[in-house]
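The structure appears below as structure tokens.
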Amino acid sequence: MDLTGLVHNICEATLAIDAGRKGFAVRGKADIGRLSYERGISLAFSVFRDAQSTVDPKTIILVEYTFLSQEFQFCDKTDTDSLGSLTQAIQSFDDAFLALKIVEDSSLYYAVDQTHPHSKKFRISGFPKDSFHIACAAHKTRIQNILRSPGIDPIEKALLKQRFTNLYTAQNGYIDKQKKAMNK
């Protein structure tokens with residue numbers, strides 16, 4: 001599927017998930033809400049799986065970014081903890097997109113390599129732990145924390161695990177881009 005189709009489908013999925021969650025809370029609408037929720041989760045799972053199959057870090061994080069942006073839009077404005085977490089995740093991925101742009105230019109990326117400490121603590125597979133890696137690592141931690149929460153629906157848990165796996169795939173694809181930029 002093309003990038004536009006993935007983004008469209010992830011928007012549709014988050015809309016169905018949100019409508020489903022809101023439907024659970026309305027007496028007499030729980031069954032309709034459950035169907036919408038399950039349809040949204042299923043569609044989102046499919047989109048995340050399709051994004052992972054591209055092994056393209058930009059595609060993977062664009063789908064994740066779109067999902068997060070939609071969650072932010074649907075989030076209750078009084079839920080300051082969730083809003084803060086989503087804002088931080090979105091900002092991290094904004095920085096990751098900038099790193100993706102820079103890694104495409106080997107002359108620019110050589111400078112990035114020189115400005116990052118060469119200690120293992122600041123490296124991944126010998127390459128700079130830049131904003132792309134930091135965004136993925138922070139978001140993996142966020143997803144792990146959600147997965148540890150009791151009472152998460154099993155289908156939503158499967159979606160979270162897929163999103164977690166996608167971040168590993170994105171990082172591996174990004175490392176390949178780093179290797180290419182550094183001619184290694």
Side-chain angles (χ1 to χ4, degrees), residues 1 3 6-7 9-11 13-14 17 41 43-73 75 81-106 108-149 152 156-182 184:
M1 178 175 282
L3 197 53
L6 290 172
V7 169
N9 285 347
I10 206 67
C11 289
T14 54
I17 292 167
I41 293 284
L43 179 57
F45 188 82
S46 175
V47 172
F48 281 110
R49 202 173 46 238
D50 289 348
Q52 183 190 21
S53 71
T54 69
V55 193
D56 175 40
K58 183 177 181 179
T59 299
I60 294 168
I61 68 165
L62 181 60
V63 169
E64 186 65 39
Y65 183 88
T66 304
F67 190 85
L68 290 170
S69 297
Q70 292 295 299
E71 280 188 320
F72 182 85
Q73 293 301 316
C75 191
D81 290 333
S82 293
L83 288 171
S85 178
L86 289 167
T87 299
Q88 189 172 10
I90 290 166
Q91 289 171 346
S92 291
F93 282 117
D94 284 338
D95 293 339
F97 283 118
L98 295 173
L100 265 169
K101 193 174 192 176
I102 291 170
V103 80
E104 297 293 330
D105 183 338
S106 59
L108 285 175
Y109 205 74
Y110 178 78
V112 170
D113 183 55
Q114 298 306 304
T115 63
H116 280 70
H118 286 78
S119 161
K120 286 184 179 182
K121 182 168 92 172
F122 300 103
R123 298 278 163 159
I124 293 180
S125 299
F127 296 99
K129 186 190 248 184
D130 58 21
S131 57
F132 187 92
H133 292 293
I134 292 167
C136 288
H139 199 54
K140 284 190 283 191
T141 300
R142 181 177 180 274
I143 290 173
Q144 282 178 315
N145 289 339
I146 296 169
L147 282 167
R148 288 186 189 115
S149 300
I152 293 179
E156 190 161 357
K157 215 170 224 193
L159 176 61
L160 287 163
K161 288 177 181 178
Q162 178 64 50
R163 292 170 61 197
F164 186 84
T165 301
N166 281 18
L167 294 170
Y168 275 109
T169 303
Q171 278 189 283
N172 288 335
Y174 186 73
I175 288 170
D176 288 342
K177 287 184 177 293
Q178 288 177 301
K179 285 178 188 173
K180 185 177 177 185
M182 297 302 299
K184 291 185 181 184

d(Cys136 SG, Lys129 NZ) to nearest 0.5 Å is 12.0 Å
Sub-3.5 Å donor-acceptor pair from the side chain of Gln178 to the main-chain atoms of Pro128, do we have one?
yes
We want to know whether Asn145 and Arg142 form a side-chain donor-acceptor pair, criterion being a heavy-atom distance below 3.5 angstrom. no
Thr115 and Val112 have their tightest heavy-atom pair at OG1-O, 2.9 Å
Taking every heavy atom of Ala51 against every heavy atom of Ile60, the minimum-distance pair comes out as O-CG1, 3.4 Å
Across all chains, not counting sequence neighbours, the side chain to side chain donor-acceptor pair (under 3.5 Å) partners of Arg49 are none
In short, Lys58 meets Leu100 closest at the heavy-atom pair CA-CD1, 3.6 Å
Test side chain to side chain contact (heavy atoms under 4.5 Å, CB included) on Ile90 and Ser69; report intermediate values, then the result.
CA-CA 7 Å; Ile90 290 166; Ser69 297; 4.1 Å; yes
Should Arg123 and Asp113 count as an ion pair when the cut-off is N to O under 4.0 Å? yes
Looking only at heavy atoms, the pair that brings Thr14 and Gln70 closest together is OG1-CB, 3.1 Å
CZ (Phe72) and OG1 (Thr87) are apart, to the nearest 0.5 Å, by 4.0 Å
*asked:* Heavy-atom count check: over 12 atoms from other residues, nucleotides or ligands less than 6.0 Å from Gln88 CD?
replied: no
Of all heavy-atom pairs linking Ala181 and Ser106, the shortest is O-CB, 3.0 Å
query = Should Pro57 and Lys177 count as side-chain neighbours, where that means a heavy-atom distance under 4.5 Å?
reply = yes
Distance col, row Leu167:CG vs Gln162:CD, nearest 0.5 angstrom, shows 10.0 Å
Closest heavy-atom pair, Ile152 versus Ser149, reported as atoms and distance to 0.1 Å, is CG1-O, 3.6 Å
Using the benzene-type ring in the case of Trp, are the ring centres of Phe93 and His139 under 6.0 Å apart? yes
Distance col, row Ile61:CD1 vs Leu68:CG, nearest 0.5 angstrom, shows 10.5 Å
Whether Thr165 side chain and Lys161 backbone form a donor-acceptor pair below 3.5 Å:
yes
Ignoring hydrogens and geometry, is there a side-chain-to-backbone donor-acceptor pair from Thr141 to Ala137 under 3.5 Å? yes
### Query
When you look at Phe48 and Phe67, which way does the ring-ring contact (aromatic ring centres under 6.0 Å, His included) test go after all the steps?
CA-CA 10 Å; Phe48 281 110; Phe67 190 85; 5.4 Å; yes
CD1 of Ile10 to OG of Ser46, rounded to nearest 0.5 Å, is 9.0 Å
To the nearest 0.5 Å, atom OG of Ser82 lies from atom CG of Leu86 at 6.0 Å
Exercise. Taking side chain as C-beta onward, heavy atoms only, is Ser92 less than 4.5 Å from Ile134?
Worked result: no
Tell me, with the steps shown, if Lys157 and Leu147 meet side chain to side chain contact (heavy atoms under 4.5 Å, CB included). CA-CA 7 Å; Lys157 215 170 224 193; Leu147 282 167; 3.4 Å; yes
Is a donor on one side and an acceptor on the other found under 3.5 Å between the side chain of Ser125 and the backbone of Phe127?
no
>> Please determine whether side chain to side chain contact (heavy atoms under 4.5 Å, CB included) holds for the pair Lys140 and Ile143, giving the CA-CA distance in whole Å, both sets of side-chain angles, and the decisive distance to 0.1 Å.
In response: CA-CA 5 Å; Lys140 284 190 283 191; Ile143 290 173; 5.8 Å; no
Looking just at side-chain N and O atoms, do Asp130 and Tyr109 make a donor-acceptor pair shorter than 3.5 Å?
yes
| Centroid-to-centroid, Phe97 to Phe132, below 6.0 Å? | no
Contacts satisfying salt bridge (Lys or Arg N to Asp or Glu O under 4.0 Å) that involve residues 92-103 (not counting sequence neighbours) are none
